[in-house]
Amino acid sequence: MLNHIFAALPAAREDAILGLNAQFQQDPRPNKVNLTVGNYVNAEGRLPLQATVVEAERRMLARGDLHGYLPSLGLASYAKALERLTFGADSPRLHLGAVATAQAIGGTGALFLGAAFALDALGIHEIVIPNYSWTNHQALFEKAGLRVSTYRYFEKAQGRLLFDEMLEDLRSLPPKTMVLLQVCCHNPTGTDLTSEQWTKVIELVAERDLLPFFDLAYQGFAQGLEADAEPVRACERTGMNFLVSVSLSKSFSLYGERVGALHVASSSAREAGVIETILKREARTLYSNPPLHGAAVVAEILNDPQLEALWRSEVEDMRLRIITMRESLWKAGEALGVDLRFAREQHGIFSLTPFTAEEMKVLREEFGIYGIATGRIAMAGFTAPAIEPAARAFAEVLARRGR
């Protein structure tokens with residue numbers, strides 16, 4: 001008798017963002033606008049191929065670099081370069097050798113690896129995330145075996161940061177709870193903490209003996225490469241132990257290469273060495289070893305002063321273009337007599353608009369403006385020709401509220 005064990009399987013729920021992106025690809029309208037996935041596109045609406053990446057790959061090809069397996073922790077020159085980028089070249093802990101770094105499969109892989117480390121090695125079973133957060137945060141942490149709850153961060157109706165409420169919620173947590181903190185370009189709200197607010201959060205986390213897990217996915221796109229890393233560096237100066245998930249997909253336009261890393265900031269070289277053995281074991285059982293090509297490209301760029309300088313200018317150009325799109329959308333709204341202040345007041349790749357799920361559906365179906373149901377749009381997906389049509393669509397949807 002044949003075994004039909006798969007016959008009764010229910011289909012899994014499709015990821016909201018990836019599902020909408022697939023729907024966008026099938027939309028035949030020529031003037032459609034994709035603001036779903038957080039991809040940076042250039043003025044022509046295409047993913048850029050950065051000059052630094054082209055040069056790095058040219059050098060690698062000329063040398064005849066091979067495509068062998070990496071160790072479980074990844075490419076050492078990549079890890080060291082990312083440590084400098086995240087913590088700063090003058091970091092005391094880097095000089096002590098007190099940071100353990102594992103190359104990971106993108107930022108998602110780094111978050112999962114950090115969760116597995118916290119559960120298996122530290123016995124931590126709970127993580128708190130912002131009430132508005134990246135849609136995959138909760139799912140991946142639960143898949144890693146952690147209980148997930150939220151702290152108050154943002155209120156959508158009035159578009160405001162709930163900072164006092166955030167502190168109140170963090171203050172109520174039991175010691176050793178892991179706290180996810182998005183460092184910059186908060187996804188999905190585009191609303192970041194000020195330096196003064198970061199100081200208060202870090203002091204409170206230290207006082208309550210919580211474990212910070214920084215998510216640094218968009219370094220360079222808010223205030224700049226150095227300023228965006230300052231919350232992590234401020235935490236390092238306290239002497240606390242903490243984790244940092246890093247993604248380089250946006251800043252190198254290497255989306256398909258899955259370039260990420262997990263940093264674990266410990267107190268000594270001895271501790272870091274022990275942590276490395278644990279991360280090796282976790283990586284070995286999860287995926288054995290990470291991919292080589294993207295890491296080699298990043299290492300080639302960040303370990304060459306001239307290439308790194310050019311790359312920094314490329315990231316700055318991308319940051320400034322996003323700011324221009326934000327200002328343009330706000331001004332287009334003003335010209336139409338509609339308040340699109342979210343575009344100007346929020347920062348980075350994403351914005352959380354005031355639109356409801358039903359209104360986002362209207363924008364998609366009637367106007368070809370694709371965002372996700374929460375109201376999040378990717379500002380990095382705008383081009384200049386799309387600004388005015390989008391502003392008109394936003395104005396029309398807001399006008400319907402009063403009818």
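As the structure is a computational prediction, the values presented were derived from the model and not from experiment.
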Tell me, with the steps shown, if N241 and V264 meet side-chain contact (heavy atoms from CB on, under 4.5 Å). CA-CA 8 Å; N241 297 149; V264 182; over 6 Å; no
Quick one, Y153 with H186, criterion ring pair (Phe, Tyr, Trp, His ring centres under 6.0 Å). Give me CA distance, side-chain angles, the key distance, then yes/no. CA-CA 10 Å; Y153 185 85; H186 187 276; 4.3 Å; yes
Check against side chain to side chain donor-acceptor pair (under 3.5 Å), E230 and S195: CA-CA 8 Å; E230 180 53 29; S195 57; over 6 Å; no
For the pair K250 and I349, evaluate side-chain contact (heavy atoms from CB on, under 4.5 Å) and give the outcome as yes or no after the intermediate values. CA-CA 10 Å; K250 277 72 177 175; I349 287 178; 3.6 Å; yes
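Between W311 and F252, the distance separating the two ring centers is shorter than 6.0 angstrom. Ring centroid separation for the pair F355 and F394 comes in under the 6.0 Å cut-off.
One N or O on the side chain of Q103 and one on the backbone of P291 form a donor-acceptor pair closer than 3.5 Å. Under the 3.5 Å distance criterion, the side-chain polar atoms of R321 are matched with a main-chain donor or acceptor of V41. Checking side-chain atoms of N21 against main-chain N and O of V37 turns up no donor-acceptor pair under 3.5 Å. A donor-acceptor pair is defined here as one N or O able to donate and one able to accept, closer than 3.5 Å; no such pair exists between the side chain of D209 and the backbone of P175.
Taking 4.5 Å as the limit, every side-chain heavy atom of L210 sits out of range of all side-chain heavy atoms of M178. Between R376 and S351 the shortest side-chain heavy-atom distance does not fall below 4.5 Å. Using a 4.5 Å cut-off on side-chain heavy atoms (C-beta onward), M325 and I387 make contact. The closest side-chain heavy-atom distance from L35 to Y370 is not below 4.5 Å.
Between F214 and F242, the ring-plane angle classifies as perpendicular under the 30° and 60° cut-offs. Under the 30°/60° scheme for interplanar angles, the aromatic rings of H137 and W134 are found to stand perpendicular.
One side chain, E126 or S149, offers a donor N or O that lies under 3.5 Å from an acceptor on the other. A side-chain donor from one of N303 and R84 sits under 3.5 Å from a side-chain acceptor of the other. In summary, the side chains of E236 and S91 do present a donor paired with an acceptor at a separation below 3.5 Å, with no hydrogens or angles considered. In the model, Y218 has a side-chain atom that pairs as donor or acceptor with a side-chain atom of N187 under 3.5 Å. No donor-acceptor contact under 3.5 angstrom links the side chains of S133 and Q138, judged on distance only. A side-chain N or O of H263 and one of T86 form a donor-acceptor pair less than 3.5 Å apart.
A cation-pi contact, defined as under 6.0 Å to the ring centre and within 45° of the axis, links K32 to F24.
Between D65 and R59 there is no salt bridge, since no side-chain N of the basic residue sits under 4.0 Å from a carboxylate O of the acidic one.
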